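What follows is a short report on a single structure.
Note that the numbering runs from 1 along the sequence shown for the chain. Since this is a predicted model, take the numbers as computed values, not measurements.
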Amino acid sequence: MRTRTLDSSPSILPLYARAAAPLIPGASLLPFLPGGGGEIPELELTLNGVRADRDAVAAYDRVCGFALRDHLPPTYPHVLAFPLQMAVMADGSFPFGAVGLVHLENRIVQRRPIGTGEELALKVRPTPLQPHPKGRTFTLLTEARAGDELVWESASTILRRGGSNETGSYGERTPDAGADFTPSAEWDLGGDLGRRYAAVSGDRNPIHMHSLTARPLGFPAAIAHGMWTKARCLAALESRLPESFAAEVVFRRPILLPGKVEFGSLAEGDRIEFFVRDAKEKTPHLEGRVK
C-alpha cells in the first residue's frame with residue numbers, strides 16, 4: 001500500500017485534465033498519466049486540516065434542498081473528499097481515466113452531526129476491480145475523522161463500462177422502485193441541473209454537463225449526478241433523520257436531463273425506504289434506505 005499525506009486539497013481542473021488524457025490516442029502510454037490498464041493500485045491519500053466553507057455549504061444546501069443549519073448535510077463530506085477521490089483516479093498507476101465512469105452505489109455512515117466549521121482529516125483509498133455485467137467495478141472508501149474520532153465514512157461503487165453503451169439499469173434486476181409506495185413529491189429537473197450541482201460539488205464529469213459532452217461518452221443527453229439525487233432524497237427526509245444513521249442507495253437508471261421524477265418513502269421500524277422513479281414511465285432511477 002502506497003500512502004501519501006497531501007499538504008493541501010488538490011486543484012480539480014488539472015485533475016480533470018489528467019483524467020481525460022486517456023481519451024487522447026497514445027496518451028495513456030505516458031507513465032505519469034492514468035489509463036495504462038492493469039489493476040487498481042494500492043494507494044491511500046490523506047488530507048488533514050479540512051474545514052468546510054460556510055458560504056459553499058449554503059450554496060450546496062440551496063442546490064440540493066437542505067435547510068441551512070450549523071452542521072454539514074450528511075452528503076457534504078463527500079464533496080470535501082471529492083478532490084482526493086479524483087487524485088486517486090488521476091494517479092499514473094490507475095488503469096483508466098475517470099471521465100465517463102458511472103456511479104452505481106453509495107453508502108454513507110454519519111456517526112454524529114459534523115459542525116460546519118469543524119476540522120476534519122480525510123482519507124481515501126480504492127478497492128480492487130470486480131466483474132460486472134456491463135464492465136468492471138471498484139469502490140472508493142472514504143473516512144472523515146475529527147481528531148481520533150471517526151465521524152463519517154462512505155463507500156462509492158463505480159462502473160467502468162465495457163462492451164455496452166446502454167443507458168438501462170446498472171444495478172441488479174429488482175421490481176420497479178416504488179412499486180408499493182405512493183409518491184409524495186414530483187421534481188422537475190432542469191437541463192442545467194448537472195452544471196448547477198457541478199458548481200457546488202466540483203464534480204464536472206462531462207456526462208453531467210451538457211448533451212454535447214455526454215453523447216461521445218454513450219449517453220443521449222446529460223445525466224443527473226447520482227450524489228445530487230441522493231442528497232435531494234436525504235434533504236426531503238431531513239426532519240426524520242436521526243443524528244447517527246447509515247444511508248445507502250443503488251442508482252438503477254441514469255436520469256436524463258431535463259426530466260421529471262417522483263420521490264416517495266416508507267418508514268418500516270428503524271429504517272426508511274425511499275425511491276426516485278420517472279414520473280411518466282415509472283421506471284426506477286434510485287432505491288435507498290436509511291437505518
Side-chain angles (χ1 to χ4, degrees), residues 60-67 73-76 78 102-108 110 134 156-157 159 166-198 200-201 203 205 207-211 214 218-242 245-291:
Y60 178 89
D61 287 341
R62 287 191 291 271
V63 172
C64 298
F66 287 104
T75 47
Y76 198 76
H78 178 89
V102 180
H103 204 168
L104 291 187
E105 302 177 12
N106 176 266
R107 183 175 192 268
I108 283 173
Q110 176 178 284
K134 291 184 180 292
S156 291
T157 301
L159 172 69
E166 299 175 14
T167 57
S169 176
Y170 289 110
E172 298 176 0
R173 294 186 179 274
T174 64
D176 281 355
D180 299 325
F181 297 13
T182 300
S184 59
E186 187 173 272
W187 300 332
D188 284 308
L189 311 182
D192 66 342
L193 175 61
R195 296 186 292 276
R196 291 173 55 223
Y197 184 76
V200 298
S201 69
D203 185 350
N205 190 323
I207 62 176
H208 305 301
M209 302 301 289
H210 196 279
S211 60
F219 294 92
I223 66 173
H225 292 75
M227 288 305 294
W228 176 87
T229 312
K230 179 173 184 174
R232 184 67 187 89
C233 291
L234 295 183
L237 298 171
E238 192 170 15
S239 64
R240 300 158 61 186
L241 296 178
F245 63 90
E248 54 191 44
V249 299
V250 177
F251 304 110
R252 294 297 179 194
R253 295 174 184 268
I255 300 176
L256 301 180
L257 299 173
K260 183 177 293 187
V261 298
E262 296 175 335
F263 166 80
S265 64
L266 179 67
E268 295 183 342
D270 65 347
R271 69 181 185 179
I272 303 171
E273 307 278 347
F274 57 93
F275 74 92
V276 174
R277 70 186 182 192
D278 184 83
K280 181 179 180 181
E281 302 294 335
K282 312 303 181 186
T283 51
H285 291 302
L286 176 149
E287 298 173 24
R289 65 180 55 87
V290 170
K291 58 183 179 180

**Message:** Evaluate Lys230 against Leu234 for side-chain contact (heavy atoms from CB on, under 4.5 Å), listing each step before the verdict.
**Reply:** CA-CA 6 Å; Lys230 179 173 184 174; Leu234 295 183; 4.2 Å; yes
Tell me the closest heavy-atom pair linking [X] and [Y], and the distance in Å.
| X | Y | result |
| --- | --- | --- |
| Leu193 | Ala224 | CD2-CB, 4.3 Å |
| Met209 | Gly194 | SD-O, 4.3 Å |
| Ile272 | Arg240 | CG2-NH2, 3.8 Å |
| Ser211 | Ala221 | CB-CA, 4.0 Å |
| Met227 | Phe251 | N-CZ, 4.3 Å |
| Gly191 | Pro258 | N-CB, 3.6 Å |

**Message:** Could you go through Trp187 and Ile255, starting from their C-alpha distance and side-chain angles, then the distance that decides it, and tell me whether this counts as side-chain contact (heavy atoms from CB on, under 4.5 Å)?
**Reply:** CA-CA 12 Å; Trp187 300 332; Ile255 300 176; over 6 Å; no
State, yes or no, whether a side-chain contact exists between [X] and [Y] at a heavy-atom distance under 4.5 Å.
| X | Y | value |
| --- | --- | --- |
| Trp228 | Leu189 | yes |
| Cys233 | Val249 | no |
| His285 | Thr229 | no |
| Leu237 | Phe263 | yes |

If I take atom [atom1] from residue [X] and atom [atom2] from residue [Y], how far apart are they, to the nearest 0.5 angstrom?
| X | Y | atom1 | atom2 | answer |
| --- | --- | --- | --- | --- |
| Leu159 | Leu104 | CG | CG | 5.0 Å |
| Arg252 | Glu287 | CZ | CD | 4.0 Å |
| Lys282 | Phe275 | NZ | CZ | 8.5 Å |
| Arg253 | Arg277 | CZ | CZ | 13.5 Å |
| Arg232 | Leu286 | CZ | CG | 13.0 Å |

**Asked** Would you call the rings of His78 and His103 parallel, tilted or perpendicular, where under 30° means parallel and over 60° means perpendicular?
**Response** parallel
**Prompt:** Relative to each other, are the rings of Tyr76 and Tyr60 parallel, tilted or perpendicular (30° and 60° limits)?
**Reply:** perpendicular
**Request:** Kindly indicate, with the supporting measurements, whether the criterion side-chain contact (heavy atoms from CB on, under 4.5 Å) is fulfilled by Cys64 and Thr75.
**Result:** CA-CA 10 Å; Cys64 298; Thr75 47; 5.8 Å; no
**Asked** If only atom types and distance count, is the side chain of His208 paired as donor or acceptor with the main-chain N or O of Ile223 below 3.5 Å?
**Response**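 Answer holds: yes.
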**Prompt:** Would a distance-only check, ignoring hydrogens and angles, find a side-chain to backbone donor-acceptor pair under 3.5 Å from Glu186 to Ala279?
**Reply:** no
**Message:** As a quick check of understanding, evaluate side-chain contact (heavy atoms from CB on, under 4.5 Å) for Glu248 and Lys291, giving each step before the final call.
**Reply:** CA-CA 9 Å; Glu248 54 191 44; Lys291 58 183 179 180; 4.3 Å; yes
